[in-house]
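Contents: one structure, followed by commentary.
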Amino acid sequence: QLPYLCFFQMIEIPTECNETLFINLLDAHYAVSSNSIDDWRTYKVCYGSDQVEHPLIWLHPFNGRKSIYFDFRFASKIIDYSLSNGNLKVVDLNNVISELENLFSKANYYNHKWDEGDILIVDNYAAAHRANIGENDVSSRVLFRVATKGIYF
């Protein structure tokens with residue numbers, strides 16, 4: 001189950017790159033090209049070794065707005081369910097990732113620079129996040145994360 005709200009509390013800040021980027025997935029959906037959005041509505045993304053499928057475009061369960069659902073770290077393949085003859089077509093994952101990276105680089109975002117003790121509350125259905133971690137940063141980062149139970153879709 002995807003958690004609905006995530007609470008993040010920074011306990012120990014790294015010496016370098018102490019920022020986290022949060023991207024608004026609801027707004028990002030509206031920036032997708034009309035050609036892609038038509039295709040993406042029929043795509044399901046497979047995650048992890050158990051190949052759990054989630055739609056690439058889905059409705060936020062509480063506000064009903066369309067949103068993108070994608071996790072760069074765990075996506076293993078994308079299947080197109082648009083074919084009416086029952087045959088499934090596997091989509092080139094790299095092409096979708098490339099388009100999403102381009103889209104997210106232009107998306108509405110919030111970049112949080114952490115101070116010790118900061119607490120952020122995030123709608124996990126509407127935001128994606130990524131820590132900005134430096135290549136040479138070997139200092140510790142201690143961030144507590146607590147999530148509320150979500151709704152499985």
Side-chain angles (χ1 to χ4, degrees), residues 1-10 13-83 88-114 118 120-145 147 150-153:
Q1 257 184 346
L2 179 68
Y4 170 49
L5 291 177
C6 288
F7 298 78
F8 298 93
Q9 182 181 18
M10 182 59 74
I13 302 171
T15 56
E16 298 178 23
C17 304
N18 62 339
E19 299 176 345
T20 302
L21 177 71
F22 294 88
I23 299 168
N24 184 327
L25 297 174
L26 300 168
D27 288 346
H29 165 266
Y30 294 102
V32 178
S33 71
S34 58
N35 291 340
S36 292
I37 203 69
D38 288 340
D39 290 337
W40 289 10
R41 285 187 181 122
T42 62
Y43 289 178
K44 292 203 176 182
V45 183
C46 298
Y47 292 100
S49 58
D50 55 357
Q51 297 295 293
V52 173
E53 293 180 5
H54 293 286
L56 181 57
I57 304 294
W58 70 295
L59 295 178
H60 189 288
F62 298 111
N63 66 26
R65 289 181 60 197
K66 290 180 184 172
S67 179
I68 295 172
Y69 180 90
F70 191 82
D71 189 323
F72 287 94
R73 296 169 301 156
F74 300 113
S76 59
K77 68 181 173 184
I78 298 177
I79 300 171
D80 183 350
Y81 279 86
S82 67
L83 302 174
L88 300 178
K89 175 181 150 192
V90 176
V91 176
D92 186 344
L93 181 62
N94 291 328
N95 286 345
V96 175
I97 286 175
S98 177
E99 193 165 348
L100 283 167
E101 285 176 341
N102 183 43
L103 175 70
F104 287 174
S105 71
K106 300 172 187 170
N108 208 6
Y109 68 91
Y110 169 67
N111 194 30
H112 186 77
K113 186 171 182 174
W114 292 97
D118 280 359
L120 292 180
I121 302 171
V122 177
D123 177 348
N124 210 38
Y125 290 140
H129 68 280
R130 179 181 66 207
N132 184 7
I133 300 172
E135 290 180 26
N136 300 319
D137 190 0
V138 293
S139 63
S140 65
R141 166 192 303 258
V142 179
L143 180 70
F144 289 165
R145 176 180 179 258
I151 296 173
Y152 186 78
F153 53 92

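Positions are given from 1 along the sequence.
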>> Suppose we screen for ring pair (Phe, Tyr, Trp, His ring centres under 6.0 Å). Which residues come up paired with Phe22, at least two apart in sequence or across chains?
In response: His129
>> With ring pair (Phe, Tyr, Trp, His ring centres under 6.0 Å) as the criterion, how do Phe72 and Phe104 come out once you've worked through the C-alpha distance, each side chain's angles and the decisive distance to 0.1 Å?
In response: CA-CA 11 Å; Phe72 287 94; Phe104 287 174; 5.7 Å; yes
>> Please determine whether side chain to side chain contact (heavy atoms under 4.5 Å, CB included) holds for the pair Val96 and Leu56, giving the CA-CA distance in whole Å, both sets of side-chain angles, and the decisive distance to 0.1 Å.
In response: CA-CA 10 Å; Val96 175; Leu56 181 57; 4.2 Å; yes
>> Nearest 0.5 Å, please: how far is CD1 in Ile79 from OH in Tyr81?
In response: 4.5 Å
> What residues form a salt bridge (Lys or Arg N to Asp or Glu O under 4.0 Å) with Arg65, not counting sequence neighbours?
Replying inline: Asp27
>> Could you report the tightest heavy-atom contact between Ala31 and Leu103, atom names first, then the distance?
In response: CB-CD1, 3.4 Å
>> Quick check: closest heavy atoms across Cys6 and Asn124, and the distance to 0.1 Å?
In response: SG-CG, 3.7 Å
>> I need the full list of salt bridge (charged side-chain N to carboxylate O under 4.0 Å, His left out) pairs touching residues 95-105, with sequence neighbours left out, sorted by first then second residue.
In response: none
> Which atom names give the shortest non-hydrogen contact between Leu26 and Lys66, and what distance separates them?
Replying inline: CD2-O, 3.6 Å
> Can you check side chain to side chain contact (heavy atoms under 4.5 Å, CB included) on Thr20 and Leu143, steps first, answer last?
Replying inline: CA-CA 11 Å; Thr20 302; Leu143 180 70; 5.5 Å; no
> Any idea how Tyr4 and His60 line up, ring-wise: parallel (<30°), tilted (30 to 60°), or perpendicular (>60°)?
Replying inline: perpendicular
>> Nearest 0.5 angstrom please: Glu19 CD to Arg130 CZ, how far?
In response: 11.5 Å
>> Would you compute the distance between atom CH2 of Trp40 and atom CD1 of Ile78 and round it to the nearest 0.5 angstrom?
In response: 8.0 Å
>> I'd like to check the ring pair (Phe, Tyr, Trp, His ring centres under 6.0 Å) partners of Tyr110; sequence neighbours left out, ordered by chain and number.
In response: His112
> At what distance, to the nearest 0.5 angstrom, does CD1 of Ile23 lie from CD1 of Ile68?
Replying inline: 9.5 Å
> So which heavy atom on Ser67 is nearest to which on Leu25, and how close?
Replying inline: OG-CB, 3.4 Å
>> Looking at every non-hydrogen atom in both residues, tell me the closest pair between Tyr109 and Asn111 and how far apart they are.
In response: CD1-N, 4.0 Å
> Are any of the side-chain heavy atoms of Ile97 and Phe70 separated by less than 4.5 Å?
Replying inline: yes
>> Can you tell me how the ring of Tyr69 sits relative to the ring of Trp58, calling it parallel under 30°, perpendicular over 60° and tilted otherwise?
In response: perpendicular
>> Taking side chain to side chain donor-acceptor pair (under 3.5 Å) as the cut-off, I'd like each qualifying pair that reaches into residues 42-51, sequence neighbours left out, listed once.
In response: Thr42-Asp80, Gln51-Ser76
>> Tell me every residue that passes salt bridge (Lys or Arg N to Asp or Glu O under 4.0 Å) with Asp118, counting only those two or more places apart in sequence or in another chain.
In response: none
>> Ignoring hydrogens, what is the shortest heavy-atom contact between Leu59 and Gly64? Give both atom names and the distance.
In response: CD2-O, 3.4 Å
